[in-house]
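A quick write-up on the structure given underneath.
For the numbers below, each heavy atom of this structure counts, side chains included, while hydrogens, waters and symmetry mates do not. Bear in mind that the values here come from a model prediction, so they are computed numbers and not experimental data.
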Amino acid sequence: MANNNGVVIINQDFSIDWMDLLSECNLKTIGLHSLYSTGGLDGHLNWLLNENTQKLLEKFESNGFTIEHQLHAVDWLLPRSLFKVYPEWFRQNDAGERSPDWNLCVSNADALSFVETSAYKLALLLNQKSHRYYIWSDDCPNSICKCESCRALSGADQNMIIMKHVLKGLKRFDKAAKLSVLSYQDSLGLPSIPPDKDMFLEFAPVDRNHFTPIDGDDESNVRNRNVLEDLLKVFPAASTHILEYYLDVSLFCKWKREDARALNLDEKVLRRDAIYYKSLGVEGMTTFTGFIDKNWRRKYGDDDIKTYAKTVNEVFG
């Protein structure tokens with residue numbers, strides 16, 4: 001996998017104002033992300049298929065940018081409205097009740113078949129030029145199925161089962177499709193089910209200590225580091241995608257846009273992290289940039305974004 005240092009931008013924050021900055025920074029991979037609070041995947045698709053958005057994406061792609069989509073998707077792949085008809089398709093919670101809140105029952109073949117077909121439909125709608133897809137399970141901890149057939153399966157294994165069916169659906173549209181297996185929250189762990197050959201690891205350590213190096217002694221960083229190093233025994237390091245949070249204003253203000261503040265990026269932590277990831281054989285990384293819009297940039301400037309770009313480009317080349 002070629003170096004694809006880049007950024008993940010919330011659709012609401014994406015505009016032509018990013019083009020000159022990202023060109024200057026030599027960050028040519030853009031992941032587009034949606035929030036549940038603004039409609040989730042359904043809202044993202046309506047935004048994406050808007051004529052003005054399509055023209056905007058064409059401008060970026062004609063200037064050498066790769067546009068991808070990084071999306072929590074299971075609630076769209078298996079609509080919650082189906083619960084009244086097929087409650088057995090949905091997860092059983094800790095209370096032993098079927099619930100349409102998050103994800104699904106991964107032991108139900110009909111539910112998985114529906115997800116597979118929906119993934120094909122999603123690929124049609126995204127119609128992205130890149131063959132790398134990032135279609136994630138729902139964004140909620142403790143959201144896996146606890147039914148008798150599923151309860152022995154870890155979160156990582158349940159995620160792997162879902163992703164295998166997502167990949168089958170994607171390949172009906174794009175035979176060259178490759179799909180990320182996101183290691184994050186419930187799926188942060190080593191699956192016992194092996195990945196398919198066209199899957200690659202995406203590691204997103206959201207619960208790490210973001211203010212100390214990941215290869216240091218902080219307990220949460222040690223835990224995340226151990227998971228990553230175990231995963232790299234299963235997934236090739238060269239195709240692994242690191243998704244970090246160095247520029248994620250939304251995380252640091254607890255997803256309250258009105259509380260968005262300056263980042264004060266620590267270049268030493270960033271550089272040490274990048275060197276660690278590279279030492280494992282990883283070839284590049286991206287970061288969320290949640291809530292960095294033109295108003296935030298006007299107020300706080302671009303220095304942190306430029307520092308991030310300079311550092312990762314120097315480390316990964």
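Scanning all heavy atoms of the two residues, the minimum distance from Pro213 to Asn221 falls at O-ND2, 3.1 Å. The shortest non-hydrogen separation linking Ala119 to Val166 is CB-O, 3.5 Å. In terms of heavy-atom proximity, Leu49 sits nearest to Leu125 at CD2-O, 3.6 Å. Summarising the geometry of Gln158 relative to Leu104, their closest heavy-atom pair is OE1-O, 4.5 Å, with the distance given to 0.1 Å. Minimum heavy-atom separation, Ala156 to Gly189: CB-O, 3.7 Å. Nearest approach of Leu231 to Pro191, heavy atoms of both residues: CD2-CD, 3.7 Å.
The CG atom of Asp304 lies 10.0 Å from the CG atom of Leu270; values are rounded to the nearest 0.5 Å. Distance check, rounded to the nearest 0.5 Å: CH2 of Trp47 to CD of Gln54 gives 9.0 Å. In this structure, Lys294 NZ and Phe14 CZ are separated by 13.5 Å, a value rounded to the nearest 0.5 Å. From Leu32, atom CG reaches atom CG of Leu57 across 6.5 Å, with rounding to the nearest 0.5 Å. Distance CD/Gln92 to SG/Cys150: 9.0 Å, rounded to 0.5 Å. Note: Cys147 SG to Arg91 CZ = 11.0 Å, rounded to the nearest 0.5 Å.
At a threshold of 4.5 Å between side-chain heavy atoms, the hydrophobic network of Ile, Leu, Val, Met, Phe, Trp and Tyr places Met163 and Ile161 in one connected group. Cluster annotation: Leu251 is connected to Ile214 through the hydrophobic network of ILVMFWY side chains, with a link wherever side-chain heavy atoms come within less than 4.5 Å. Note: the hydrophobic cluster containing Val8 also contains Val312 (ILVMFWY, side chain heavy atoms under 4.5 Å, direct or indirect links). Val222 and Leu228 are members of different hydrophobic clusters when ILVMFWY side chains are connected at heavy-atom separations under 4.5 Å. In this structure, Ile162 is not a member of the same hydrophobic cluster as Trp102, with clusters built from ILVMFWY side-chain heavy atoms closer than 4.5 Å.
Of the possible polar contacts, none joining the Asn50 side chain to the Asn46 backbone as a donor-acceptor pair under 3.5 Å is found. Between the side chain of Arg80 and the main chain of Leu78, a donor-acceptor pair closer than 3.5 Å is present. The closest donor-acceptor contact from the side chain of Lys178 to the backbone of His131 lies at 3.5 Å or more, if one exists at all. Side-chain atoms of Ser118 come within 3.5 Å of backbone atoms of Leu77 as a donor-acceptor pair (strictly under, hydrogens ignored). Of the possible polar contacts, none joining the Ser113 side chain to the Asp110 backbone as a donor-acceptor pair under 3.5 Å is found. Proximity of a side-chain donor or acceptor of Ser137 to a complementary backbone N or O of Asn159 within less than 3.5 Å is not detected. Under a 3.5 Å cut-off, the side chain of Arg297 and the backbone N or O of Asp17 do form a donor-acceptor pair. Not one N or O on the side chain of Ser130 forms a donor-acceptor pair closer than 3.5 Å with the backbone of Thr66. Checking side-chain atoms of Asp186 against main-chain N and O of Ser143 turns up a donor-acceptor pair under 3.5 Å. Judged by distance alone, with hydrogens and angles left aside, the side-chain atoms of Asp266 form a donor-acceptor pair with the main-chain N or O of Lys268 at under 3.5 Å.
Contact annotation: the side chain of Ser180 never approaches that of Arg132 to less than 4.5 Å [non-hydrogen atoms, C-beta and beyond]. The closest side-chain heavy-atom distance from Met285 to Tyr246 is below 4.5 Å. Counting heavy atoms from C-beta outward, Lys256 and Ser250 have side chains that stay 4.5 Å or more apart. For the pair His241/Phe200, a side-chain contact is recorded, criterion being any heavy-atom separation below 4.5 Å from C-beta on. Taking 4.5 Å as the limit, some side-chain heavy atom of Asp139 sits within range of a side-chain heavy atom of Gln185. Here the side chains of Leu188 and Asp207 are in contact, with some heavy-atom distance below 4.5 Å. Annotation: side chain of Leu263 is not in contact with side chain of Asp248 (no heavy-atom distance under 4.5 Å).
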Check the pair Arg172 / Lys168 against side chain to side chain contact (heavy atoms under 4.5 Å, CB included), numbers first and verdict last.
-> CA-CA 7 Å; Arg172 287 182 56 196; Lys168 287 179 182 178; over 6 Å; no
Does the salt bridge (charged side-chain N to carboxylate O under 4.0 Å, His left out) test come out yes or no for Lys233 and Asp230, once each step is laid out?
-> CA-CA 5 Å; Lys233 298 172 185 175; Asp230 283 343; 3.4 Å; yes
Dump the intermediate steps for side chain to side chain contact (heavy atoms under 4.5 Å, CB included) on Gln12 and Asp293, then the final yes or no.
-> CA-CA 8 Å; Gln12 280 189 307; Asp293 57 15; over 6 Å; no
Would you sort out whether Trp76 and Asp42 count as a side chain to side chain contact (heavy atoms under 4.5 Å, CB included), showing the intermediate values?
-> CA-CA 7 Å; Trp76 188 92; Asp42 232 1; 3.2 Å; yes
Leu126 and Asp174: CA distance, side-chain angles, deciding distance, side chain to side chain contact (heavy atoms under 4.5 Å, CB included) verdict | CA-CA 11 Å; Leu126 293 176; Asp174 179 1; over 6 Å; no
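Side-chain contact, Asn313 with Asn5: a donor N or O sits under 3.5 Å from an acceptor N or O. Checked by atom type, the side-chain pair Asp94/Asn142 shows a donor-acceptor distance below 3.5 Å. A donor atom on one side chain and an acceptor atom on the other are not found under 3.5 Å apart for Thr307 and Glu267. Asp13 and Thr289 are not linked by any side-chain donor-acceptor pair at a separation below 3.5 angstrom, with hydrogens and angles left out of the test. Side-chain contact of Tyr36 with Asp75: a donor-acceptor pair under 3.5 Å is absent, judged by distance alone. No side-chain donor from either of Asn108 and Tyr86 sits under 3.5 Å from a side-chain acceptor of the other.
Only one option out of Arg225, Arg272, Lys278, Arg271 pairs with Asp215 in a salt bridge (Lys or Arg N to Asp or Glu O under 4.0 Å); it is Arg272. The side chain to side chain contact (heavy atoms under 4.5 Å, CB included) with Asn224 is formed by just one residue from the set Arg208, Glu219, Glu229; it is Arg208.
Ring geometry, Trp89 versus Phe114: the interplanar angle falls from 30° to 60°, so the pair is classed tilted. The aromatic rings of His69 and His44 sit perpendicular to each other, their planes meeting at more than 60°, with 30° as the lower class boundary. Classified by interplanar angle (parallel below 30°, tilted 30° to 60°, perpendicular above 60°), the ring pair Phe203/Tyr277 is perpendicular.
At most 12 heavy atoms of other shown residues, nucleotides or ligands fall within 6.0 angstrom of atom NZ in Lys310.
Sorted by first and then second residue, the ring pair (Phe, Tyr, Trp, His ring centres under 6.0 Å) pairs involving residues 280-314 (not counting sequence neighbours) are His33-Phe288, Tyr245-Phe288, Trp296-Tyr300. For residues 145-194, the set of pairs meeting the ring pair (Phe, Tyr, Trp, His ring centres under 6.0 Å) definition, not counting sequence neighbours, comprises His72-Tyr184.
Classification of Lys254 and Asp259 as a salt-bridged pair fails, no side-chain N sitting under 4.0 Å from a carboxylate O.
The side chain to side chain contact (heavy atoms under 4.5 Å, CB included) search around Asp20 returns none, not counting sequence neighbours.
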